[in-house]
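First the structure, in the form of structure tokens, and then the observations on it.
Chain identifiers are assigned alphabetically (A, B, ...) following the order of the sequence lines, protein sequences preceding nucleic acid strands; residue numbering begins at 1 within each chain.
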Number of protein chains: 2
Amino acid sequence: MATLKDVARLAGVSVKTVSNVVNGYSFVKPDNRRRVEEALEATGYRPNLGARNLRRGRTGFIALVLPELSIPYFAELAGLVIAAAQEHEWNVLIEQTFGTLAGERSALASLGPHLVDAAILSPEALQVDDFQLSVPTVLLGEHAVDVPISRVGIDNVAAAQTAVRHLVSLGRTRIAAIGAHPHRGTAALRLEGYRAALAEASLPFSPELVVPALNYHRADGAAAMKSLLDMKTPPDAVFCFNDLLAIGAMRTAAERSVRVPEDLAVVGFDNNEESAYSAPSLTSVAPDKAAIARAAVDLLHRRVDAPDGALENVETPFSLLVRESTVVR
Amino acid sequence: MATLKDVARLAGVSVKTVSNVVNGYSFVKPDNRRRVEEALEATGYRPNLGARNLRRGRTGFIALVLPELSIPYFAELAGLVIAAAQEHEWNVLIEQTFGTLAGERSALASLGPHLVDAAILSPEALQVDDFQLSVPTVLLGEHAVDVPISRVGIDNVAAAQTAVRHLVSLGRTRIAAIGAHPHRGTAALRLEGYRAALAEASLPFSPELVVPALNYHRADGAAAMKSLLDMKTPPDAVFCFNDLLAIGAMRTAAERSVRVPEDLAVVGFDNNEESAYSAPSLTSVAPDKAAIARAAVDLLHRRVDAPDGALENVETPFSLLVRESTVVR
DNA sequence: CATCGTTGTTCCAACGATGTAAAGACCGAG
DNA sequence: CTCGGTCTTTACATCGTTGGAACAACGATG
């Protein structure tokens with residue numbers, strides 16, 4: 001691999017002059033510039049990023065800490081973050097926590113100014129004390145606990161309310177919710193939106209219709225739905241806190257020969273790509289994932305330049321995509 | 001951020017002694033070792049990986065070049081590669097090519113010994129000339145063209161043959177294939193396995209039952225299925241070259257009121273997590289993705305130590321998971 | 001008591017890049 | 001023909017780390 005030294009020798013100038021050409025410094029004699037450029041071409045020089053960053057005090061990387069890439073929402077988001085980061089000449093380092101406290105702590109511990117310039121976190125279990133951050137950071141989703149960190153996400157209360165309002169507008173009166181979670185801020189907000197929509201329609205809030213889910217995988221949705229269908233008066237609609245839960249719930253409904261949407265309307269959250277193709281296709285709250293990714297990366301980019309900027313709370317748009325799981329074609 | 005120098009000053013020893021402690025060098029006086037360890041603890045020292053790697057001539061990163069993270073197969077695989085890489089103290093840098101030649105070329109160009117120690121490629125469009133690699137590399141899947149690079153993957157012919165044999169064993173006689181592709185090596189092999197299974201069963205090979213797909217997304221499967229169902233004698237089974245195509249195909253079948261599996265048996269390939277929850281659930285060829293990820297990373301790890309080792313061709317196991325899309329419960 | 005091998009520590013150079021300061025080239029003005 | 005100023009290039013130090021050589025301390029050996 002060619003270094004600046006090699007190029008300099010070939011062009012017959014000093015190392016620094018080559019560096020100046022590479023970095024677009026203005027005052028280089030046209031003649032030298034030409035010779036250097038030829039030498040660069042001839043050697044196929046590529047800067048050693050490690051060395052450059054060591055000198056510059058930057059790493060050129062940002063961390064993206066998320067539960068798991070096999071969860072479609074995070075996979076799609078990761079793809080968008082990578083694309084957005086590229087525009088700022090950042091490479092993205094993905095760390096998986098598997099939603100565990102230990103995983104999140106170890107991811108956080110491995111972060112540091114020498115490894116990444118900034119970090120995007122999507123935490124599920126972190127405690128207040130864990131947030132000893134050494135690089136500019138932005139949270140995706142909601143603060144699980146009250147910490148002064150910038151955040152990007154949608155208005156979860158409004159989004160959930162929109163979803164449940166839709167179920168109400170279909171004439172459903174016994175609307176369940178799947179995905180309650182003791183420590184997840186997002187879950188609390190979606191539950192709040194759910195309750196608000198019920199109240200708005202003067203429907204009673206029945207705690208037994210709110211089913212917790214410790215993970216948000218398909219299997220959890222399937223299990224939760226089983227318990228709902230075992231009730232003596234099962235619900236006629238269910239609002240799931242993500243699409244995977246909804247897919248699992250629909251699976252259980254199919255196994256019990258409960259018709260969706262006739263007997264049971266189902267709404268999900270996240271709008272995974274697969275949800276447009278499920279049978280029936282899934283009505284879902286669709287956050288603008290590209291906007292989230294771009295907002296998060298842009299915010300960090302500003303913050304790296306001005307580390308002491310004010311906290312930001314960016315709200316990105318969402319929409320409700322109505323599909324077959326709530327409305328008969 | 002604390003450096004070795006800070007720790008050394010605090011412990012009252014030289015920088016190198018601290019370095020020795022950090023790197024587990026044996027001959028350090030117990031007393032000094034203790035003092036250094038206390039100082040490490042007190043300062044919260046973390047090695048600057050950039051500097052270390054600059055000195056060691058390693059970068060600590062491997063590249064994973066794949067089409068798109070929003071494709072579940074690649075997302076799942078990426079998660080497993082990250083986990084496997086962690087065991088070798090490697091971080092993974094993901095590059096998305098979106099399946100285009102330009103995307104793959106630019107990913108390849110950005111790679112180099114200064115950025116990554118090795119690379120895992122999952123190419124779709126690369127030409128022979130493009131393979132001017134500067135770091136140890138392994139291909140996932142198949143060689144699109146004939147290049148001398150190590151490779152990890154399953155036996156695609158045998159896997160496809162197993163899938164189609166299963167359809168034959170169900171008494172299906174008019175078996176279609178979705179996913180033919182002019183330049184994709186994997187597609188050619190799966191087609192070969194398809195033809196072998198037909199031949200084995202003395203079934204005729206009908207070119208009109210082989211539908212090409214330029215991309216392997218759900219929409220392509222849906223479109224391909226439409227063309228098959230428009231035939232005057234539609235197929236009674238279809239082998240899709242990946243699960244997304246199969247999901248799309250099943251979607252079209254549902255829209256046309258074609259019953260799966262009664263009227264049409266469907267088999268996919270990849271065993272995405274979503275395929276166990278689709279309605280009906282999808283019979284699929286299941287490669288051992290964890291084995292693929294581990295084999296690829298291990299191979300690279302060997303190759304980094306011994307760059308001139310022989311080419312390797314690692315075949316990982318697969319199985320056929322029979323679900324509702326081919327067999328009535 | 002000189003010598004030796006082992007153990008423990010320090011000093012120096014180097015990885016490849018860039019910021020700084022200073023030196024050299026060049027120009028026109030006085 | 002010198003001076004002052006602007007352009008252009010260079011030597012050097014530096015980022016944080018580690019390999020190697022040099023050196024110091026030690027008990028053991030003859």
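Cation-pi geometry between B:R184 and B:Y216 is satisfied (NZ or CZ under 6.0 Å from the ring centre, within 45° of the ring normal).
In this entry the distance linking CG of B:N48 with P of C:dC15 reads 18 Å, nearest Å. One can place CZ of B:F27 at 10 Å from P of C:dT6, the figure rounded to the nearest angstrom. In this structure, A:Y25 places its OH atom 9 Å from P of D:dT8, rounding to the nearest Å. The interatomic distance linking A:D6 (CG) with C:dA17 (C1') rounds to 13 Å, in whole Å. Put simply, NZ on A:K5 is 13 Å from P on D:dA11, counting in whole angstrom units. If you measure from atom CG of A:L115 to atom P of D:dT17, you get 13 Å, rounded to the nearest angstrom. In this structure, A:D31 places its CG atom 12 Å from P of C:dC26, rounding to the nearest Å. Separating the CG atom of A:N20 from the C1' atom of D:dC7 is a distance of 13 Å, rounded to the nearest angstrom.
The aromatic rings of A:H301 and A:W90 lie perpendicular to each other, with more than 60° between the two planes, well past the 30° mark.
Judged by distance alone, the side chain of A:D6 and the main-chain N or O of A:T3 form a donor-acceptor pair under 3.5 Å. Between the side chain of B:E76 and the backbone N or O of B:K289 there is no donor-acceptor pair closer than 3.5 Å. For the pair B:D130 (side chain) and B:Q127 (backbone), a donor-acceptor distance under 3.5 Å is present.
Looking at B:R58 and B:D305, a side-chain N of the basic residue comes within less than 4.0 Å of a carboxylate O on the acidic one, giving a salt bridge. Salt bridge B:D31/B:R35: present, at least one basic N to carboxylate O contact under 4.0 Å.
Within the 4.0 angstrom heavy-atom criterion, no nucleotide atom of any strand lies near A:N53. At a threshold of 4.0 angstrom between heavy atoms, the contacts of A:V15 include nucleobase atoms, whether or not backbone atoms are also involved. Among the atoms of the strands shown, only primed sugar atoms or phosphate atoms (P, OP1, OP2) are found under 4.0 Å from some heavy atom of A:T3.
Contact check, A:S19 against C:dA17: no side-chain N or O comes under 4.0 Å of OP1 or OP2.
Counting only Watson-Crick and G-U wobble pairs whose two distances sit under 3.5 Å, DNA chain D takes part in these stems of three or more pairs: C:1-30 with D:1-30.
The side-chain hydrogen bond (donor to acceptor under 3.5 Å, both in side chains) analysis of residues 136-148 of chain A, with sequence neighbours excluded, yields the pairs A:E142-A:R151, A:E142-A:N156.
Checking D:dT17, D:dG16, D:dT8 against every side-chain atom of A:K29, the shortest atom distance belongs to D:dT8. Here C:dT18 is the nucleotide among C:dG16, C:dT18, C:dT7 with the atom lying nearest to any side-chain atom of A:R52. Of the candidates C:dG16, D:dG16, C:dT18, the closest approach to any side-chain atom of A:R56 belongs to C:dT18.
Residues from residues 7-14 of chain B placing a heavy atom under 4.0 Å of any atom in DNA chain C, listed by number, are B:V13, B:S14.
In this structure, the separation between CG on B:L139 and CZ on B:F131 is 5.5 Å, given to the nearest 0.5 Å.
With the nearest nucleotide of DNA chain C identified for both B:P30 and B:A51, B:P30 has the one nearer the 5' end.
Residues passing the side chain to side chain contact (heavy atoms under 4.5 Å, CB included) test with B:P136, sequence neighbours excluded: B:A118, B:L300, B:R303, B:V304. Not a single salt bridge (Lys or Arg N to Asp or Glu O under 4.0 Å) links A:R294 to another residue, sequence neighbours left out.
Judged by distance alone, the side chains of A:E95 and A:S110 do bring a donor and an acceptor atom under 3.5 Å apart.
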Do any N or O atoms of the protein come closer than 3.5 Å to N or O atoms of nucleotides 12-14 of chain D, and which pairs are they?
| from | atom 1 | to | atom 2 | distance (Å) |
| --- | --- | --- | --- | --- |
| D:dT14 | O2 | A:R55 | NH1 | 2.8 |

